[in-house]
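See structure below.
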Protein chains: 2
Amino acid sequence: MQLNQSTDYAFRAVLHMASLPAGCVVTGAAMAGQQMIPPRFVLKIMHMLSKAGIVSSHRGTGGGFSLAKPAEEISLYDVIVAMEGELAIHRCLGERNSCNKHCTEECPVHATLGRLQDQLIEGLKSTNFGALARERVDREQRSHYRE
Amino acid sequence: MQLNQSTDYAFRAVLHMASLPAGCVVTGAAMAGQQMIPPRFVLKIMHMLSKAGIVSSHRGTGGGFSLAKPAEEISLYDVIVAMEGELAIHRCLGERNSCNKHCTEECPVHATLGRLQDQLIEGLKSTNFGALARERVDREQRSHYRE
DNA sequence: AGTATACTATACCGGAATAGTATTGATTTG
DNA sequence: CAAATCAATACTATTCCGGTATAGTATACT
């Protein structure tokens with residue numbers, strides 16, 4: 001019951017771009033280096049984010065990736081869905097009939113899990129990378145003043 | 001990001017026992033049949049639940065499994081931990097240092113995920129099988145009256 | 001034009017985890 | 001002692017995960 005490694009990498013990549021001035025273009029190699037993402041793997045991840053409309057890509061010399069929309073409009077949930085598809089903490093809550101008991105309607109366990117899942121998704125949707133990036137900058141500034 | 005199939009089976013098994021009069025002993029085979037759990041697999045699951053102190057086992061003729069404590073004292077979270085270990089929706093929130101960025105302290109993504117995880121776990125802990133079983137009985141009675 | 005840069009798209013691969021089966025053995029009851 | 005039933009563990013087939021490799025395409029600079 002864990003998010004994938006790739007999703008974590010994707011979080012890093014998006015946060016990285018969200019921390020730069022809007023519209024900034026970064027190469028995959030640069031991101032791999034700074035965010036500790038395997039150099040080849042980063043391309044696969046960016047590709048998925050790009051297909052999901054979260055980042056846009058620019059080819060050729062001076063190319064790279066940039067956010068496809070304001071960081072405020074990208075939520076944790078958006079990135080998760082881009083990398084893993086819709087979140088379903090329990091099989092039955094994802095695809096119907098994956099449950100061989102076919103009890104989706106009557107089962108109180110499923111009902112409870114469904115409620116908790118909704119609450120989790122709500123929390124993930126209400127956190128955007130604009131806020132997250134600002135949080136980090138704030139902290140960096142604070143720690144700068146402390147020194 | 002999904003609970004295991006085994007965990008679902010475990011939910012069924014515990015709910016099954018919670019729906020019977022307290023102290024009832026059921027054989028693995030019976031549970032497998034009624035809850036649509038592969039007959040051999042059910043033993044493995046009961047074994048894990050037994051090691052976790054959720055059910056107790058009775059060998060020999062007339063033996064089987066029963067709940068080791070009142071259904072009210074068994075939460076969804078207890079069963080999840082018995083089957084999969086402590087819940088961690090994100091690597092870094094489980095074992096420290098699994099994150100090659102070592103950013104557990106500063107990373108706002110981790111902070112947010114941590115908060116959401118706590119909320120989820122809280123919800124799972126506050127749901128017990130006594131209540132779940134009663135919910136089901138209620139519903140069965142309601143549907144009985146309707147007919 | 002030609003070349004270097006950088007992404008696109010997809011195929012491939014090894015290792016771990018899942019889901020489930022099988023086997024041998026230990027207890028308990030009758 | 002025999003039958004029932006769980007204990008413990010080994011085994012297996014398949015899928016998923018994390019990551020690599022490669023061949024190709026678009027862009028920019030000279």
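Order of the sequence lines sets the chain letters (A, B, ...), proteins ahead of strands, with each chain counted from 1.
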Pairing residues for E72(B) by the salt bridge (charged side-chain N to carboxylate O under 4.0 Å, His left out) criterion, not counting sequence neighbours: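 Per chain and number, E72(B) pairs via salt bridge (charged side-chain N to carboxylate O under 4.0 Å, His left out) with R134(B).
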
Residue pairs passing the salt bridge (Lys or Arg N to Asp or Glu O under 4.0 Å) test where at least one lies in residues 27-55 of chain B, sequence neighbours excluded: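 Sorted result for residues 27-55 of chain B: empty, none.
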
Pairs flagged by ring pair (Phe, Tyr, Trp, His ring centres under 6.0 Å) wherever residues 44-83 of chain B is involved - sequence neighbours left out: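 Qualifying pairs, neighbours excluded: none.
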
Residue pairs passing the ring pair (Phe, Tyr, Trp, His ring centres under 6.0 Å) test where at least one lies in residues 18-43 of chain B, sequence neighbours excluded: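 The answer is Y9(B)-F41(B).
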
L43(A) CG - dA6(C) P separation (whole Å):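 To the nearest whole Å, that distance equals 11 Å.
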
Holding to side chain to side chain contact (heavy atoms under 4.5 Å, CB included), I want the full list of residues that pass it with [X], two or more places apart in sequence or in another chain.
X: A52(B); value: I54(B), A82(B)
X: D118(B); value: none
X: A22(B); value: none

Those residues of residues 47-60 of chain A lying under 4.0 Å from DNA chain C by at least one heavy atom: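 Output list: H47(A), S57(A), H58(A), R59(A), G60(A).
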
Boundaries of the DNA chain D segment in contact with chain A, non-hydrogen, under 4.0 Å: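 The protein-touched segment is dC17(D) to dA28(D).
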
Any donor-acceptor pair under 3.5 Å from N4(B) side chain to S6(B) backbone: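 No: the side chain of N4(B) does not pair with the backbone of S6(B).
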
Partners passing side-chain hydrogen bond (donor to acceptor under 3.5 Å, both in side chains) against D78(A) (at least two apart in sequence or in another chain):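 D78(A) satisfies side-chain hydrogen bond (donor to acceptor under 3.5 Å, both in side chains) with S75(A) once adjacent residues are dropped.
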
side-chain hydrogen bond (donor to acceptor under 3.5 Å, both in side chains) partners of T7(B), counting only residues at least two apart: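 Checked T7(B) against side-chain hydrogen bond (donor to acceptor under 3.5 Å, both in side chains); matches are E84(B).
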
Residue mapping more 5' on DNA chain D - nearest nucleotide basis, P39(A) or T61(A):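 By nearest-heavy-atom nucleotide position, the 5'-most residue is P39(A).
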
Quick test: give all pairs of protein nitrogen or oxygen and nucleotides 15-19 of chain C nitrogen or oxygen below 3.5 Å, distance rounded to 0.1 Å.
residue : atom : partner : partner atom : Å
dA19(C) : OP1  : R91(A)  : NH2          : 2.4
dA19(C) : OP1  : Q5(B)   : N            : 3.3
dA19(C) : OP2  : Q5(B)   : N            : 3.4

